[in-house]
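Structure first, then comments.
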Amino acid sequence: MVWEFFKAGGDEQLEEIEGLIVQMLLDCRHTFDLAINAVVSGTEAAAVGKTIRKSDRRVNKAERKVRRQLVVHVSVRGERADLPRVLVTTSIIKDIERVGDYAKNVWDLADAGIDLSQAADVDSLLELRDRTSNLIAESARIVGDRDTGAAESLLKELEDVLDEYDDCIQAQIESTGTPRDAVPRALLCRYLKRITAHLMNVLTSLVMPFDRLDYYDEDKADRD
Amino acid sequence: MSPEPGQDRVPPWVRLLLVLILLYIFLTGVKALESGIKAFGEDFTNSLFQRASNPLAGLFVGVLATVAVQSSSVTTSAIVGLVGAGSLPVELAVPMIMGANIGTTVTNTLASLGFLRRTDEFRRAFAGATMHDFFNICNVAVMLPLELLTGVLTKTATWIADAVGGLFTFEYGESGGALKTAVKAPARLMESLLDRLGCGDHLTGALLLVFGLVLIFLALAYITRNMKLVMAGRIERSMNAVLSKGGGLAAITIGMIVTVAVQSSSITTSVLVPMIAAGVLTLRNAYPMTLGANIGTTITALLASLAAEIPAGMVIALVHLLFNLSGLLVWYVVPGLRGVPLALAEKVAVIAERRKSFVVVYVVGVFVIIPLVGVLVLQ
């Protein structure tokens, strides 16, 4: 512990925190992959439940660690603390933690007995799975690299994705099928929309000022 | 490449060079203070310090002086300067050094007032700050009577000073080493300048005294500011390590190292207050860091003793170190006693949380009224 003081370098504390954020995103992806496969790929829900909870606890633990490190950063640096960056970080770790929570909600569907692996629309569900999983991974890469260009173009693409999820939910509301067919799909689309919206909040932290963060998890009409 | 917001624009090596220059200015200040006191003449200083011959009065003088300058480093360096000039006897200086230890805690107590409007945070912050007060008060309550009865701190410090002096062949007296000669030069230059201007002994003494105190104060303030900037990343990393791995001996060492690096225990302890307030650092984990800071702050007096004319300067600096080490042994190592300063701080914080007026009574009472009345009554 004492050695920490004498180690080379010293001014990269916020970079270290960014590393933790990337790790949180990768843990969320892991949780999501396990959870969605239990719904759409036939993985047994009980078999992955323990791993999902462990991964979620890791995300929550990382969130607390980031918060502690930010308190230390502000306490030590005082007026020289990079406050906008600190505030942005507190905002996005909450979004990442929510991504983990929604991934867990996806698993809750499987745990409640929902298995869509044999459904007629399984291919489109697998497509949603891959898209969301890749989106989490890409967000982690963009945050890690601070790739503002990629963040901007991805945000533009994702606006349409949010609309797609709204359409999906609407389609289930209007569906003439059984509740057992419609409800899980509506919930799944809702969870995927929320995951996407929270990831968009994370991405906006790279391209927007602090006061304009955090609105993508609201409906389009409420954002302005 | 321009630095990012919040990043220091001055390269660390420039700041470290600046710190070396400031250290020289600091030692020059100690020397000027010594010369100023000498210029007053022996009769004057004898009559001055006879007033503080009561150990409790000396203790309160130490508290008041430190509260006034908000830095025990300044007070202890000045005391080392006075002792080093042979103007203040070690036995009178010991309670003053102890008082300086109490006085320095006012800074983080004031820092805790920033949380006054948020009840829970304030309770934790106030407990975190006053734990340092209570540790020092408890330590004085044990060590001052013990020192007065046995002289254990002075005797041990004298023994170490003799041993260390022999080991490093320190030369005391007029000739001195290269460092002493270097720090003497500006003080002598000013003394001769004032002499040429026709200033009498007392005016020369007063001007040198003020000049010395200003140099000590400014040099220490700027050393602290520069070192804090250079060391911020390391301090942050060390604090994170304490948060994740807990307290204990390592936390004591980190508190000590950080304080030595920034030359101010107030910086270390004040940094802890917001962390305690936020609840990310427990009182029990902050306590050993505070004790480490108490030990680390003694480095300033030890540095000041390098400019002292006689070994007594080093003796009093070592008394400061031994006093804080004894405190650590009594109030941290002994398990039953470890919780006493913490329990007192927590109790006081609960009272302060309920009655905000108590905060004013506590701060003004402990750091101003009691010492002031003590000095007036006991002198």
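Not measured: the values here are computed from a predicted model. Here is the naming used below: chain letters follow the sequence lines, and residue numbers restart at 1 for every chain.
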If you count the non-hydrogen atoms of other residues, nucleotides and ligands that lie under 6.0 Å from OH in A/Tyr102, is the total more than 12? yes

By number, which residues in residues 273-284 of chain B have some heavy atom less than 4.5 Å away from chain A? B/Pro274, B/Met275, B/Ala278, B/Val280

Does atom NZ of A/Lys54 have more than 12 heavy-atom neighbours, drawn from other residues, nucleotides or ligands, at distances under 6.0 Å? no

How about NZ on A/Lys65, more than 12 heavy atoms from neighbouring residues, nucleotides or ligands closer than 6.0 Å, or not? no

If contact means a heavy atom pair closer than 4.5 Å, which residues of residues 286-295 of chain B contact chain A? none

Got a sec: does the CZ of B/Arg118 have more than 12 other heavy atoms crowding it under 6.0 Å? no

When you look at CZ of B/Arg225, are more than 12 heavy atoms from neighbouring residues, nucleotides or ligands closer to it than 6.0 Å? no

Taking every non-hydrogen atom, the tightest pair across A/His73 and B/Glu236: ND1-OE2, 2.7 Å

Polar side-chain atom of B/Lys228 near backbone of A/Arg77 as donor-acceptor pair, under 3.5 Å: no

Over 12 foreign heavy atoms within 6.0 Å of OH, B/Tyr222: no

